[in-house]
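What you are looking at is a predicted structure, and each value in this text was computed from that prediction instead of being measured. Hydrogens, waters and symmetry mates play no part in the numbers below; they use all other heavy atoms, side chains included.
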Amino acid sequence: QVQLVESGGGLVQAGGSLRLSCAVSGTTFGDKRIGWYRQAPGKQRELVARIASGSSTYYADSVKGRFTISRDDTKNTVDLQMNSLKPEDTAVYYCNTYAGLQTYWGQGTQVTVSS
């Protein structure tokens, strides 16, 4: 069974940093594209960053230059380093992957940025 477990969320002041981690189990990891999404209250879930096998990356315009996604294929983890955080980054952050035709999500981790 594929499982994704996020960790690392919390409360931080504007301008601060947090590092989120997504641990993936139950599937081959090295060939998976892993995405970080977020959902703020009253808003749709949106893609924040994504990393493919081979480590090519994609970032939403709103986080370019501030967030960095990375993967460790020896630990089956994908991290999201978030710097220069803004109040508008406040959301529940989820990691996501696909296996076959199935989409899998973690339970989410709350990030709150105070002004």
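- Note on residues 32-78: no pairs pass disulfide (SG to SG under 2.5 Å), not counting sequence neighbours.
- No path of Ile, Leu, Val, Met, Phe, Trp and Tyr side chains, each step under 4.5 Å between heavy atoms, connects L80 with Y37, placing them in separate hydrophobic clusters.
- Note on I34: it clusters hydrophobically with V2, by side-chain heavy-atom contacts below 4.5 Å among ILVMFWY residues.
- Clustering ILVMFWY residues whenever any of their side-chain heavy atoms sit less than 4.5 angstrom apart, transitively, puts V113 in the very cluster that holds W36.
- When the salt bridge (charged side-chain N to carboxylate O under 4.0 Å, His left out) test is applied to R66, the partners found at least two apart in sequence or on another chain are D89.
- Judged as a salt bridge (Lys or Arg N to Asp or Glu O under 4.0 Å), not a single pair has a partner in residues 22-35 (not counting sequence neighbours).
- Each of V63 and V92 belongs to its own hydrophobic cluster when Ile, Leu, Val, Met, Phe, Trp and Tyr are linked at side-chain heavy-atom distances under 4.5 angstrom.
- For the 3.5 Å distance criterion, the side chains of E88 and T90 fail to qualify, holding no donor opposite an acceptor.
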In a table with atom names and distances, give each donor-acceptor pair under 3.5 Å that connects a side chain of residues 52-62 to protein atoms at least two apart or in another chain.
unit_1 : atom_1 : unit_2 : atom_2 : d
Y59    : OH     : I69    : N      : 2.8
D61    : OD1    : K64    : NZ     : 3.2
S62    : OG     : R38    : NH2    : 3.4

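- Residues satisfying the ring pair (Phe, Tyr, Trp, His ring centres under 6.0 Å) test with F67, not counting sequence neighbours, are none.
- Both I51 and V24 are members of a single hydrophobic cluster when ILVMFWY side chains are connected at heavy-atom separations under 4.5 Å.
- Between M82 and Y93 there is a side-chain heavy-atom pair separated by less than 4.5 Å.
- Here CD of Q3 is found 12.0 Å from OG1 of T27. Values are rounded to the nearest 0.5 Å.
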Just do the side-chain contact (heavy atoms from CB on, under 4.5 Å) check on R71 and F29 with the steps written out, would you? CA-CA 10 Å; R71 64 189 295 153; F29 181 80; 3.5 Å; yes
Would you list the atom pairs, donor with acceptor, under 3.5 Å between side chains in residues 4-20 and any protein atom, with sequence neighbours excluded?
unit_1 : atom_1 : unit_2 : atom_2 : d
E6     : OE1    : Q107   : N      : 3.0
E6     : OE1    : G108   : N      : 2.9
E6     : OE2    : C95    : N      : 2.8
E6     : OE2    : G108   : N      : 3.4
S17    : OG     : N83    : OD1    : 2.9
R19    : NE     : D79    : OD2    : 3.1
R19    : NH1    : Q81    : OE1    : 2.9
R19    : NH2    : D79    : OD2    : 3.2

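- For the pair R45/W105, a side-chain contact is recorded, criterion being any heavy-atom separation below 4.5 Å from C-beta on.
- In this structure, P87 and S115 approach most closely via the heavy-atom pair CG-CB, 3.8 Å.
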